[in-house]
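Data block below; observations after.
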Amino acid sequence: MRQARPYSAMFAGGVSARTGPHALPLARIKKIMKRSAGDSSVVDGGGGGGGGARMISGEAPVVFSKACELFIAELTRRAWAATLEGKRRTVHKEDVAAAVQNTDLFDFLVDVVTADLVDVVTADLGDDHTDYK
């Protein structure tokens, strides 16, 4: 079993039996990093030459894990605020969409969230109202 390095204590929010000091599984993060690094259009503007990352340092997934935790926490806080404005106690996807649309920090998600909500609205309205797309 791999043991946490001394520097990982500063990233740890607490130790759980399931994942150790990290809230997100580091193996999964590393797998996503390797797969994403192989997409040359994202990494180097489509210039080719990419076969993906062959090696990823032990520190990189830890940093990505913490970044993901912070991102999820902030998005959740904003969605919860939208839930409370609606006088509800359950977060719905519309609350997450409102959080994304009302926060400049999440502008990169606007297209993704808007497309998902349009699909949901048209599915709820039936085939007669396809003009929303």
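- For Thr76 against Ile72, the heavy-atom pair with the smallest separation is OG1-O, 2.6 Å.
- Side-chain contact between Thr90 and Thr83 is absent, with no heavy atoms from C-beta onward closer than 4.5 Å.
- Interatomic distance, Met33 CE to Leu26 CG, rounded to the nearest 0.5 Å: 10.5 Å.
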Tell me which donor-acceptor pairs under 3.5 Å the side chains of residues 98-111 have, and how far apart each pair is, sequence neighbours excluded?
{"residue": "Asn102", "atom": "ND2", "partner": "Ala98", "partner atom": "O", "Å": "3.1"}
{"residue": "Thr103", "atom": "OG1", "partner": "Arg78", "partner atom": "NH1", "Å": "3.4"}
{"residue": "Thr103", "atom": "OG1", "partner": "Ala99", "partner atom": "O", "Å": "2.8"}

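- Closest heavy-atom contact between Val91 and Ala79: CG1-CB, 4.1 Å.
- With sequence neighbours excluded, the residues forming a side-chain contact (heavy atoms from CB on, under 4.5 Å) with Ile32 are Arg28, Arg35, Ser36, listed by chain and number.
- A search for salt bridge (Lys or Arg N to Asp or Glu O under 4.0 Å) contacts involving Arg77 returns Glu74, not counting sequence neighbours.
- With sequence neighbours left out, Ser57 forms a side-chain hydrogen bond (donor to acceptor under 3.5 Å, both in side chains) with Glu59.
- Annotation: ring pair (Phe, Tyr, Trp, His ring centres under 6.0 Å) contacts involving residues 72-93, sequence neighbours excluded, are absent.
- Phe71 and Val113 end up in the same hydrophobic cluster when Ile, Leu, Val, Met, Phe, Trp and Tyr side chains are linked at under 4.5 Å.
- In this structure, Arg89 and Leu84 approach most closely via the heavy-atom pair NH1-CD2, 4.3 Å.
- One distance of note links CG of Leu24 with SG of Cys68; it measures 6.0 Å at 0.5 Å rounding.
- Taking Arg88 as the reference, Asp95 meet the salt bridge (Lys or Arg N to Asp or Glu O under 4.0 Å) condition, with sequence neighbours excluded.
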